[in-house]
Amino acid sequence: MPGDRLTEDDIAQQFNCSRTPVREALRKLEQENLLQVKPGIGMVISNVDIEL
């Protein structure tokens, strides 16, 4: 959901992988404006407006 916080550790643990590929994927999502980095909070899911 938009505004939910994501952590590398939680995602890596869920998928049983190292943090490195998770970190790279999160950076790509941030570049596409699907995630935002908020100081003091971390990465959060962006609010995406879908136009049909």
Side-chain angles (χ1 to χ4, degrees):
M1 299 291 302
D4 285 354
R5 184 172 177 253
L6 300 176
T7 64
E8 291 176 14
D9 287 333
D10 289 343
I11 295 169
Q13 195 171 46
Q14 183 177 1
F15 289 98
N16 194 29
C17 65
S18 71
R19 290 175 47 193
T20 303
V22 172
R23 185 179 306 119
E24 291 174 16
L26 292 176
R27 283 187 188 147
K28 287 182 182 181
L29 291 171
E30 181 186 6
Q31 290 173 348
E32 295 180 14
N33 296 319
L34 297 172
L35 293 177
Q36 296 176 321
V37 176
K38 295 201 174 191
I41 296 173
M43 289 215 161
V44 296
I45 300 171
S46 297
N47 188 15
V48 179
D49 184 22
I50 300 174
E51 293 182 27
L52 299 175

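Here the structure is a predicted model, which is why all the values come from computation and not from measurement.
R27 pairs by the side-chain contact (heavy atoms from CB on, under 4.5 Å) definition with R23, not counting sequence neighbours. The side-chain contact (heavy atoms from CB on, under 4.5 Å) check on Q13 picks up nothing, with sequence neighbours excluded.
The line from CG of D10 to CZ of R19 is 10.5 Å long, rounded to the nearest 0.5 Å. Rounding to the nearest 0.5 angstrom, the gap separating the CG atom in L6 from the CG atom in L29 is 8.5 Å.
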Expected list for residues 39-49: side-chain donor-acceptor pairs under 3.5 angstrom, two or more places apart:
{"from": "S46", "atom 1": "OG", "to": "N33", "atom 2": "O", "distance (Å)": "3.3"}
{"from": "S46", "atom 1": "OG", "to": "L34", "atom 2": "O", "distance (Å)": "3.4"}
{"from": "S46", "atom 1": "OG", "to": "L35", "atom 2": "N", "distance (Å)": "3.4"}

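With hydrogens and angles ignored, the 3.5 Å screen pairs a side-chain donor or acceptor of D4 with a backbone N or O of M1.
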